[in-house]
Structure formats: structure tokens, C-alpha cells
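Presented below is the structure to which this report refers.
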Amino acid sequence: MTKEVRVRFAPSPTGALHIGGLRTALYNYLFARKMGGKFLLRIEDTDQTRFVPGAEEYIQESLDWMGISPDESPWKPGDVGPYRQSERKASYMSYALDLIEKGHAYYAFDTAEELEAMRERLTAARVVQPQYNSITRTQMKNSLTLSPEEVKERLASGDPYVIRAKLPLKEEVRFHDLIRGWVLVHSSTLDDKVLMKSDGMPTYHLANIVDDHLMGITHVIRGEEWLPSAPLHVLLYRFFGWEDTMPQFAHLPLLLKPDGNGKLSKRDGDKLGFPVFPLNWTDPFTGEKSSGFRETGYLPDALLNFLAFLGWNPGDEREIFSLDELIEAFSIERIGKSGTKFDIAKAKWFNEHYLRSSAQEDLIAYLQQDAQAAGTTLSHEKAGAIVSLLRDRVTFPGDFWRDSQFISHAPIEFDLEVASKKWNADAATLLQAYATALESGVAAPFDGTAAKALLESTAEATGIKLGKVMQAVRLAVTGLGAGPDLMEVFAILGPQEVAKRIRFALDTLAIVD
RNA sequence: GGUCCGUUCGUCUAGGGGUUAGGACGUAUCCCUUUCACGGAUAAAACACGGGUUCGAUUCCCGUACGGACUACCA
């Protein structure tokens, strides 16, 4: 029997969860579900200087909103907790000491100034890459160069120190990445990374390996930015003697800027006018606000579908996938290798698709909410009519309210360009007659068909070709030159309101032809 | 600079030694239609470059170019 698949999403709570992080979480979730395994959330808060209040909750809420909640998390602990690294602090030191005992790590007492001096010295000597490594450590203050007595003394007197990994001078580090294949790195290009910081907290590298091991993680699916440090991680597994249970790695291609070059960043969203975060976020320190996909009007299913296809595809030509279908179709092998530019137009297309297939009642609820927020109320019936009218023409739920303003408000001014082209004596004659007919009372129900029949008979009676004046009719009643089916609009407005608007237009618009 | 990773239409991608290099978004045109959308149809649009290997390379290999990540007591 094979081991149960366990994967984790391990963000740091340093701000709003980036959309790229959300995609990483999604892929982890899909893989876990596909394999019948578990998806865990571990908060990597080992850098207390960067901790941002609210960030954890933001991560949780984002995942919940997307429908990809973890099976185990700080809020839903399984039996390998705690799920916050700050709460696991006590355990890391013993692992670091174990490494020292095995000869794979050492104490280092160098001050920031000494490290800086070392880098300057190496740069001056034209060393291409000044780093703390198997060569330079022989000239630094650490437990490899100092006498055992002095080390003991410094430790006892509370001298600040870090623990560094002792990397081999010459060794090929080779590991298999599920997405990239074999990756080969020579240990001489690696440096002696800090494992334990002087504040007693582990760095990412140590905490990550220890926790993944302790939590039984079988697959590490993370961003490509981790690829360069993966060899160090492999070495650490080896040092600990955990190589046989080392997780498999899969390094995801990055999300890139839509235009030029580089990794997609917060600024891009601001600049190009689309969100790069799942939810709205206000930085608690600077007060800076960032908009979210949710508040912009993206449906979770649409965002899910869009995100899944940024770097992955099912291998056939289907594009619309529910979460369940994504789970069914997902495989790590089909994740691409190259970076992916973020194209918001495609996201909109997905959103339109999902919006059109949404339940009528949901859309009515959106519209009624917006109306309420604007200080009015819309009856369920009227909201329903508006939703039916606009359903195929909107991108976001908020568009229902925005694009139906002409229904809630009679025009006070008219599109002058359309007026100059389309408003003429024939139109005025027809509208005059139509308004009179409406005012003299119409049989209920006044639906789109009835409105149209009456308009057609009026046109016939006045001898005016309807096709020639339709746009003028629209202009008179809505103030606009284009829009949804006019007769349905009339039905929603009702005969009295239509007549009233026509009278106003007749009084206001000058005949130019 | 160094190390590592990558490169098929504008974008997301399928494909893979011999194909009219397929799909989707976007764009354009046409149809539908009282307008605008929706929908339908059609079109323009790609294998970064140079060497190999091969009967044949977009596909395999090597270079070059370009892009990206990393290069902290951040993750």
C-alpha cells in the first residue's frame, strides 16, 4: 500500500495573499483531492518582523471563498499540529543541534559588520560571488574555527549566534522535479545558509524541512522561486537521514506581468486596473488599499477555472471546468514549464460564462442588493425582468444595476450624437401617436409583445416605417442610442412611464432634419 | 556578474522527426437583429536564431539571443 498523499500550502502572513499564491494553493488542493489525500495549510511566520495582523485571516477567507479550504490548518488542526511555525518554535533548536552533532551544521558568531567586511573583502579580491561557504567559513568566527572552549564560553555568556548548515565543498546535488525533470546543482555554488537565527527562530529552510517531515508531507508543490534553494533542502533531508521519506518536488512556473517582463506584482494590478488579490485588502500599517477579485465581481468558479488554466491544461480542448471536473482532470504532469502572463481578458470571459449560467435567483439577489445600497428598492419581479434582459450582456454582477440605470431613472439628457442623426419629424409623429395610445389605456398584460404590437399598429396608422425610427424611439425613452431589447424595456417600465418619457423627449428634443 | 529554469499565433496553450501546426481569449469581417450585446460563421495570426544528427526537424543535440527566478539572520 502506498502512503496517503499529503500536501501543504505554506504562506507567510506578510500581507494579502497574492493571486499566484492562490494558484499554488489551488494546485495543491486539486492534487490532494485527485489522489484522495489531504491538503494542509501551514502558516510560516518565523519572521516576526514581517508579521502583518489580519493576513492569516485573509488567507483563510480567501481559500474558503474559493471553495478550496484545507483539511488541516491552524483553525482546523489535525494531529500533526500546531500549524503555525511560531508555535512550533521550541522544537526546531533540537533539530539544529542534531545537525551540529552530526557535523552538518555549526555555530557562527559573526556580527553583521563582520559579515559585511567579509563580503567587501571578497568583492575587492574580485570573487564573483561573495558568500559564507566551505572556503570562507575558515576565516570567520564559528565553531569550526574557534576552540571548543571559546565556543562553549560564548554560548554560555549569551553571545548572539546563528547556526549554519555546513555544506560539502564538492558534491553534485541531484533531484527529480515532477515538472522539470532532473535538476543538477553543484554544491560549490551553494552557501552555508543560516538555519537558526540569532533570535532563536528557524529560517524558512530549516523549518520547512522539519515540518514537512513531521507533518508527513509527500509532495511539495510550490512556486519556481524556490527552485534555487531546493538543492539545499535535499541536502538537509540527507543530513537528517530522512532521504527515504523525502517529499517529491514540483516547482510551478511563475505568473508574469501581462505586458512587459517580470513577475506579476501588486503594482501591475493598480496600473492596469485589475485585481491581483482574491479579496479587498487594506494594509494595517500604511492604510493602502488593494482591490480583490471578489469585490470586483468575479465569481469563485470563474476565478478557479481561470487560475487552473494558467499553466495547466487537461490535454483536450475543453475549457470550462467545475471544481469537481478540475479535480478529476488534474495531473502534475500536465503543468507547463514556462512562465505565464496574466491575461485579464480571459478571466473576464470566464466570468461572463459563469455569470450567464448562474441561477436566476442569485443574480436577482445581487441586483436587489445593489439597488438597496443605492437607496432604492427593486421588487423581485422587476429585478427578475431586468436580470433576464441583461443576463447575456454583463461581465460582473454589479453590471446589472449599472446597466439598468436608464430603467430606474428617466433620462434628463439625451445622447446628442444619436439625436442629431436619428431624431426627426417622422419619429416625433410616431411617438406622439404612440404616447397618446398608451395614455388612452392599454389592455393588461403590457408585455413586450403587446408593446410591440401597439407600436407596429401605430406605425401603420401613421404610415411611418418602424425600422427607420426605432433608434429615435429608444433615444426618447432611454436617452441612449443602444441597449437591450426595447420592447422588453417598455414592458418593465409600464405604459404610463413610457408615455411620460416620450412626452418629455418630445418637449426637449429639437427636430433637426 | 554567478547559479538554475525557461522559449509554438498579441495572450493561455495542444502537438510532436514527415501535420493544411489544432483549440480558446482577444482582434477583424459577415450572418442573425429595431440598436448594442449574445449566438453562429469566417479570417488574419506562431514553432526565437544559428549550427549539427537525419532521407527529412518546429519536434532530438549543441551553441547564441532573449526572458525569468535566485543570489539576506525574508519567505
Side-chain angles (χ1 to χ4, degrees), chain A residues 10-14 44-47 49-50 85 108 110-112 115 119 123 126-132 160-164 177 179-181 183-186 188-191 193-205 207-208 222-231 251 253-254 256-263 306 309-320 334 336-350 352 356 390-394 403 418 422 452 455 465-475 478 480-487:
Chain A
S12 329
T14 54
E44 308 225 326
D45 55 350
T46 52
D47 184 0
T49 64
R50 294 210 308 159
Q85 287 184 328
D110 315 276
T111 63
L115 289 172
R119 287 190 191 105
T123 306
R126 281 192 274 198
V127 171
V128 280
Q129 201 171 5
Q131 57 183 15
Y132 208 117
Y161 66 91
V162 300
I163 296 176
R164 285 180 182 270
D177 185 282
I179 294 172
R180 277 145 227 287
V183 177
L184 214 99
V185 178
H186 197 89
S188 62
T189 65
L190 270 20
D191 62 345
K193 278 272 180 298
V194 171
L195 263 20
M196 290 297 291
K197 299 184 265 189
S198 54
D199 65 358
M201 277 291 206
T203 59
Y204 170 85
H205 305 291
N208 188 262
R222 80 232 290 199
E224 193 188 344
E225 68 266 30
W226 293 110
L227 197 51
S229 52
H251 289 94
L254 263 17
L256 272 18
K257 294 176 194 294
D259 54 355
N261 315 308
K263 189 154 83 151
F306 170 64
F309 273 74
L310 250 30
W312 172 87
N313 75 85
D316 56 38
E317 287 175 353
R318 293 174 301 156
E319 290 212 273
I320 300 297
R334 294 208 64 85
K337 291 180 174 64
S338 49
T340 300
K341 288 190 181 173
F342 193 83
D343 179 21
I344 199 68
K346 189 96 183 207
K348 283 186 180 168
W349 177 76
F350 274 116
E352 286 162 2
R356 282 182 201 124
L390 298 178
R391 167 171 216 126
D392 285 342
R393 351 175 26 101
V394 296
D403 293 347
V418 178
K422 302 289 181 181
K452 189 174 187 184
L455 186 62
K465 283 258 192 306
L466 202 48
K468 298 217 178 212
V469 295
M470 272 310 284
Q471 228 179 329
V473 174
R474 173 183 296 280
L475 181 75
T478 68
L480 307 169
D485 189 280
L486 230 207
M487 295 305 112

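Below, chain A is the first sequence line, B the second, and so on; all start at residue 1.
- The side chain of A:K337 places no N or O atom within less than 4.0 Å of a non-bridging phosphate oxygen (OP1 or OP2) of B:U13.
- Comparing B:U8 with B:A24, their C1' atoms sit 15 Å apart, to the nearest whole Å.
- In this structure, A:K197 places its NZ atom where more than 12 heavy-atom neighbours from other residues, nucleotides or ligands lie under 6.0 Å away.
- A:D110 comes within 4.0 angstrom of a base, heavy atoms only.
- No N or O donor and acceptor, one from the side chain of A:K263 and one from the base of B:A69, sit under 3.5 Å apart.
- Atom-to-atom, CG of A:D485 to P of B:G39 comes out at 17 Å; the value is rounded to the nearest Å.
- As judged by a 4.0 angstrom heavy-atom cut-off over every strand, A:R391 is placed among residues making no nucleic acid contact.
- Heavy atoms of A:L190 sit nowhere under 4.0 angstrom from any nucleic acid atom.
- A distance of about 33 Å separates the C1' atoms of B:A72 and B:U64, rounded to the whole Å.
- B:C38 sits 11 Å from B:C25 when the P atoms are compared, rounded to a whole Å.
- Distances shown here put a side-chain N or O of A:N313 below 4.0 Å from the OP1 or OP2 atom of B:A14.
- In this structure a side-chain-to-backbone donor-acceptor pair under 3.5 Å is present from A:D45 to A:Q85.
- With rounding to whole Å, A:Q131 atom CD is found 11 Å from B:C73 atom P.
- At a threshold of 4.0 angstrom between heavy atoms, the contacts of A:Y204 include nucleobase atoms, whether or not backbone atoms are also involved.
- You won't find any donor-acceptor pair under 3.5 Å spanning the side chain of A:T340 and the base of B:C12, going by distance alone.
- The closest donor-acceptor contact from the side chain of A:R391 to the backbone of A:R356 lies under 3.5 Å.
- Among the heavy atoms of the strands, none lies under 4.0 Å from A:G467.
- For the P atoms, the distance linking B:A14 with B:G6 amounts to 15 Å, nearest Å.
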